[in-house]
Amino acid sequence: MARKYHVNAVINGDAVDFLCEPQQTLLDVLRDELELTGTKEGCSTGDCGACSIMVNGVLVCSCLMLGVEAQGATIDTVEGMAHGEDLHVLQRKFIEHVALQCGICTPGLLIASRNLLERNNNPTEEEVRLFLAGNLCRCTGYNNVVDAVMAAAKEIRGA
Amino acid sequence: MGKAPTPFGTALKYEKKNLKIVGGNPNMRSDAIDKVTGRARYAADINLPGQLIGKVLRSKHAHARLISIDTSAAEKLPGVKAVVTREDFPDMPILHAASGELMINFRDVTRGMMAREKVLYDGHPIAAVAATSESIAKAALKLIKVEYEVLPHVIDVEAAMKPDAPLLHENQITIGVQPPPTKPSNIAAVLTSKLGDIEEGFKKADVIIEREFRTQATHQGYIEPQASIANYTDGGVTEVWTATQGHFVMRSQIAKLLNMDVSKVKVTPTELGGGFGGKNNVYLEPLAVKLSQKARRPVKMVMTRDEVFRATGPTSGTHIKIKMGATKDGKLVAGHALLNYQAGCFPGSSLPLCAVTVFTRYDLENVLVIGNDVVCNRPKVAAYRAPGAPMVAFGVETVVDEIAEKLGIDPIEFRLKNAAKEGTQTHFGPKLGPIGYIETLKAAQAHRHMKAPLGPNQGRGIATAFWFTIGMETSATLNINEDGTASLIYGTVDVTGGGRAALSMIVAEELGVPHDRVRAVPSDTSSLGFNFMTAGSRGTAAGSMAAVKCARDAITRMIDVAAKKWNVKPDQVVWEDGHARPAGANVGDFKPLSVADIAREAAWYGGTIAGHAEINVVGQGPGFGTHICDVEVDPATGAVKVLRYTIVQDAGKAVYPEFVRGQWHGAAAQGIGMALNEEYIYNKEGRLTNPGFLDYRVPVASDLPKLNAEIVEVPNPLHPYGVRGVGEVPIIPPIAAIANAIYNATGVRIREQPMSPPRVLKALQGAVGKIAAE
Ligand code: FES
Ligand code: FES
C-alpha cells in the first residue's frame, strides 16, 4: 500500500487535515477523503471544468492538482458559496434563468463565474463566453448560463 | 421506440381550459437548489460503509479471439476481494427486449458487458476487479494475463458491407432478404419502408436530385461518466444505485443477466448528470452486483472519461443516399433513400426508427427506403437524442434545398407547398393527426432572424425535423399527506431536471392548489409498478398522463370524504379551486373543504388518500420543428462560425416554457457540435484516437452564439394538456441547416459530417479548382 501523506489546509473557512496517497488528485481528496462531493469529475484531464475550485484565490481544475500540493492552501469549493439559507447571487440567477438542467456542470460553472465577476463585474457577453470556455455544459447550450452571469453582474453592480 | 402502441393503452383527451400554473414559469424548481449548492447526489457521490472500488480491464484490440484469461496473480494481490470474467455470467439465448428507442438482444447484452468468445472493439470489457482502493484495483488489472488471437478488424460501414470484409459474427445471416443468403455477412438486417410506387413517382418528376452523404459516429457527451454502486445480499434485496434513464428497465436487465428474481433487486436512480439516450443501457451494473456478490461487500464503480468514449454510446456513423423528385411547379413526387448504419459490434442500430421516418415531414406519395444494419468493430451504438435522425435529415433537407433552388422557389415556401399536415399518409403506417409543422414553418418565415443582414462569406440555411414521442408503461402515485400537501412519486427518471417541476405543476393545476403544495419525488423500483425508461421524449409527455390520472383519482377519493361527511351522494359534490363544494344550493349549505381539511379527516372517513396510475400511455403526439441558421465561413481556414441560430418547434403545450426553451438550446448546441466538430476517429489498429474532451471537442460557450427558441403550440388531441414530447426534435435539423447555410455563403455543398475546417477547406478548394479548370 502506498505511503500516505498528512496534509493541512483551510477549506471553505474550516481548518482541515487529511491523509492522501501521493498520486491522489486534490479532486479525489475533496470527494473521497473529505466527502465534499459538490465538486464534480467529468474527465480528470483538465478538459471539462466540472472540478473547478479556488486555491489561494486562483481558479484551478482540482483534477490537475495533487492532494499533497494543497499543504497550507486556502481552498474554496461550491459548498462554501451560500451563506446558510442565503444563496450567492450567481446561484440565485442560475436558478432564475434556468441556467442548469442536469446540474453536473453547475458547481464548476458557478465557481468560474464567481471568479470572473470578482475580476470584472461589468463583463460583455463575449467576455463571459470566453472566460467560461473551459467549463463544458452539454445540456444548456450555454445561453441561459451567459444570461444568468450577466444578470448577476448587474445585481452586483447595483445597476 | 420499443414496442408498438397497444390498443389497450390510456390516452386522455385534450381539454381546453384556463390554466393557472401550467404554461407559467415556476419560481422554484425542486431539484435546482441542491444542484447549485453541491448537495444534489449523483451516483459517483454516493459511498457505502465498507465499499470496495471496482475497475474494468478492457481490450486494446479491435477484434480478437479470447484464448485465455488468467486472473490468478490479480486475485493474490493484497486488497483484491473479487475478480469476475465471462466465467461468472451465464450465457444468454436470443431474447429481444425494448430498451429506450432501440431494441436489445440479451445474447448480445451479456457479451457486451463482458466479452465471451471474442473482443469486438477497443474498450470491450474482459474482466473486472474489486479492491479496497482504486490504486490496488488498477494494479490488479495489470496482473491479469490475457491471451488473444488477434483478428482482422473493420471499422467503417461501407468497408464492413463488402463481401470479403472480416466477419464479426461468423454465423450471422442477413435478416430481411428473400431468399435468405447462404453466406454470413456483417449486414445483420435489411429493412425496407414503402409507400406508393417509387418508379411511377420518379416518372412524374421534372427535377430529380440524387446525392450521397457520409457521417461519423458522435458521442452523447454527458458530463457525468457512468457510475454504479451495488450491495448484494443473500437474504434481503440487492440494492443498486446507478446513473440511469430507466431504473425499472435496469432492474429487469440486471435480474435477467444475473439470473435473479426481479423482486430481489432494487434499483435507485441517482440524480442524473446527463444521458441523452446514452444511459439507457447496462454497462457497469451487472459487474458491480457480481463483484459485490463474490466479495460480500458493496462495490462502487465509476468510469473514466476514456472508458466513456471507448465503451459507451456512441451514435451510428452512416453512409446515406437520398434521391428525390419534384414536378416543375414544386410538388415533391418521389423519395428514395438508402441508409447504411453502423450498429457497432452487435446488431441493432436505430435504423428501424429512421428507415420509416426518412420523409415524414413531406406529403409524399411515393417512397422507398432501404436500410442496412451493419456490425463493425466499434462499441454497440446507443440511442442519442432522436437516434440516427440528424443524419437522415442532413441528406433529405439538403436535397430538398437543392430542388427548391433548382426550381427557383424559396426554401420555406417549397416546404410549405409540400408540408405534411393532418391526414397526410406517413410511410411508418398511420395518417398524421393534428400537427404543427406548417405553423413552425410560418413562424420561422415571419421571424426577425430572417431579416438580419448577411455580410460577405455569410449565409443562411434552414432545415426541418420530425420525431416521435413514445408512451409505454407509466406508473405513479400521488399521496395526499396529512398536512394537505401532496407528494407525487413518479417513475420516469427526470433526465433534465425540469421533469419534476413539470409534473408537480400539472398535479397542482389539477388539484387547484398552489404549486408549492405539491412535490414530485423520484421513485426507486420498490416504490411503484414498472415504468419504462425516459426515452423517446416521453418523460413529461407520458409522465404527466400518469400524473393527471393520479390527481383525478385522488380528487375522486377526496370528493368521497366530503360526501360522507356531509351525508350526501358523491355526485352532489364537485371539486373546484382546490376545494370540495356542494354541487348546487339544493345539496345543502356546507362550508367548502380544502385538501388540508379533507386530509385531516380522511382516516375517519375511510383511510389515507392517494391517487394511482398504472397505465400504458398511448396517443403521444409527434413533434415537428424548423431551424434557421446563419454562418460565416472563413475561406482561408475553412472554419465555420455560427452567427445566429433560431429554433422553432411545436411543443403541443409547453408546461414549463423557460425549461422547454433551455432544452431546445441544449439540443441545438449538440447538433451544432455534431455538424462542425464532433467525430470518432479510429487509427489503423482500430483504436479510438480521441477518447477525451480535448480531442473530441464538444462546443464551448465561446463557440456558440445566442440561441433563439420560439415555441409554437398546436395541442396534441390525445393529452389532457395537449403536451407533445419536446426533447429530441431540436437535435435533428442543425447539421442540415448548417450545410445549407454554408452553401448559401460559399456556393459549395458539403455532404460529409462533421464540417470541420479541413473538410470545408478541401471542399472550398475543390470548388475553386473546378472553376479554374472550367
Ligand atoms: S474533471 Fe477536472 S477538468 Fe474535467
Ligand atoms: S446542466 Fe447538464 S451539463 Fe450543464
Side-chain angles (χ1 to χ4, degrees), chain A residues 1-2 21 23-24 28 31-32 35-48 50 77-79 81-82 87-88 90-92 94-107 110 125-126 128-147, chain B residues 25 27-29 31-42 44-45 47 78-79 133-136 220-225 271-276 302 304-305 495-498 658-659 661-670 672 692-694 698-704 706-707 709:
Chain A
M1 189 129 153
E21 293 177 13
Q23 82 288 351
Q24 259 181 311
D28 288 342
R31 293 182 49 83
D32 301 339
E35 297 191 326
L36 289 166
T37 53
T39 305
K40 304 300 179 193
E41 174 167 334
C43 68
S44 79
T45 50
D47 300 313
C48 78
T77 70
V78 70
E79 285 92 345
M81 255 183 111
L87 297 180
H88 186 276
L90 275 161
Q91 292 173 312
R92 268 193 290 113
F94 265 56
I95 297 176
E96 269 171 49
H97 288 262
V98 193
L100 63 141
Q101 292 179 33
C102 83
I104 197 84
C105 65
T106 308
L110 286 168
E125 225 180 276
E126 192 171 350
V128 173
R129 286 184 183 273
L130 285 170
F131 195 88
L132 297 180
N135 290 79
L136 300 182
C137 172
R138 195 60 158 171
C139 299
T140 64
Y142 308 100
N143 222 64
N144 298 0
V145 172
V146 174
D147 288 353
Chain B
N25 292 304
N27 47 17
M28 194 37 77
R29 220 174 96 194
D31 63 305
I33 293 193
D34 287 347
K35 286 176 179 171
V36 299
T37 55
R39 312 266 320 251
R41 220 171 296 133
Y42 299 82
D45 301 338
N47 293 305
S133 76
E134 186 177 346
S135 50
I136 295 173
Q220 294 79 354
Y222 35 79
I223 307 299
E224 176 205 31
E271 197 64 68
L272 193 70
F276 316 112
V302 182
T304 62
R305 180 54 53 181
V495 297
T496 61
E658 265 325 301
F659 205 94
R661 284 192 196 96
Q663 249 191 302
W664 293 357
H665 298 151
Q670 285 181 318
I672 293 169
F693 281 132
L694 186 61
V698 307
V700 302
S702 53
D703 292 333
L704 296 172
K706 203 168 189 54
L707 305 160

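Protein chains get the first letters and strands the later ones, always in sequence-line order, with residue 1 at the start of each. All heavy atoms count here, side chains included; hydrogens, waters and symmetry mates do not.
- No part of A/Ser44 comes within reach of chain B, as not one of its non-hydrogen atoms sits under 4.5 angstrom from that chain.
- Contacts between B/Tyr222 and chain A at a heavy-atom distance below 4.5 Å involve the backbone alone (N, CA, C, O).
- Only the side chain of B/Asn47 comes within contact range of chain A, with heavy atoms under 4.5 Å apart.
- For a residue to count as touching a neighbouring chain, one of its non-hydrogen atoms must lie under 4.5 Å from one of that chain's; by this rule A/Leu136 touches chain B with backbone and side chain alike.
- Annotation: side chain of A/Asn143 is in contact with side chain of B/Lys706 (closest heavy-atom distance under 4.5 Å).
- Among the candidates A/Thr140, A/Asn144, A/Asp32, A/Thr106, the residue making the largest number of heavy-atom pairs closer than 4.5 Å to chain B is A/Thr140.
- For the atom pair CD of A/Gln23 and CG of A/Asp28, the computed distance is 8.5 Å after rounding to the nearest 0.5 Å.
- For chain B, the option among A/Gly134, A/Cys102, A/Gly38 with the highest count of heavy-atom pairs below 4.5 Å is A/Cys102.
- In summary, A/Glu41 and B/Arg305 do not engage in a salt bridge, as defined by a charged side-chain N under 4.0 Å from a carboxylate O.
- Between chain B and the options A/Cys48, A/Gly103, A/Ala50, heavy-atom pairs under 4.5 Å are most frequent for A/Gly103.
- Other residues, nucleotides and ligands contribute only 12 or fewer heavy atoms inside 6.0 Å of the CZ atom of B/Arg39.
- Looking at B/Arg661 and B/Glu658, a side-chain N of the basic residue comes within less than 4.0 Å of a carboxylate O on the acidic one, giving a salt bridge.
- Using a 4.0 Å cut-off between charged nitrogen and carboxylate oxygen, B/Asp34 and B/Arg41 do not count as a salt-bridge pair.
- Options A/Arg138, A/Arg129, A/His97 differ in how many heavy-atom pairs under 4.5 Å they form with chain B, and the most are formed by A/Arg138.
- Of the atoms belonging to A/Asn135, not a single heavy atom falls under 4.5 Å from chain B.
- With hydrogens and angles left out, the side-chain atoms of B/Thr37 and A/Gln91 include no donor and acceptor closer than 3.5 Å.
- Per-residue heavy-atom pair counts under 4.5 Å with chain B were compared for A/Leu100, A/Leu110, A/Leu132, and the maximum is reached by A/Leu100.
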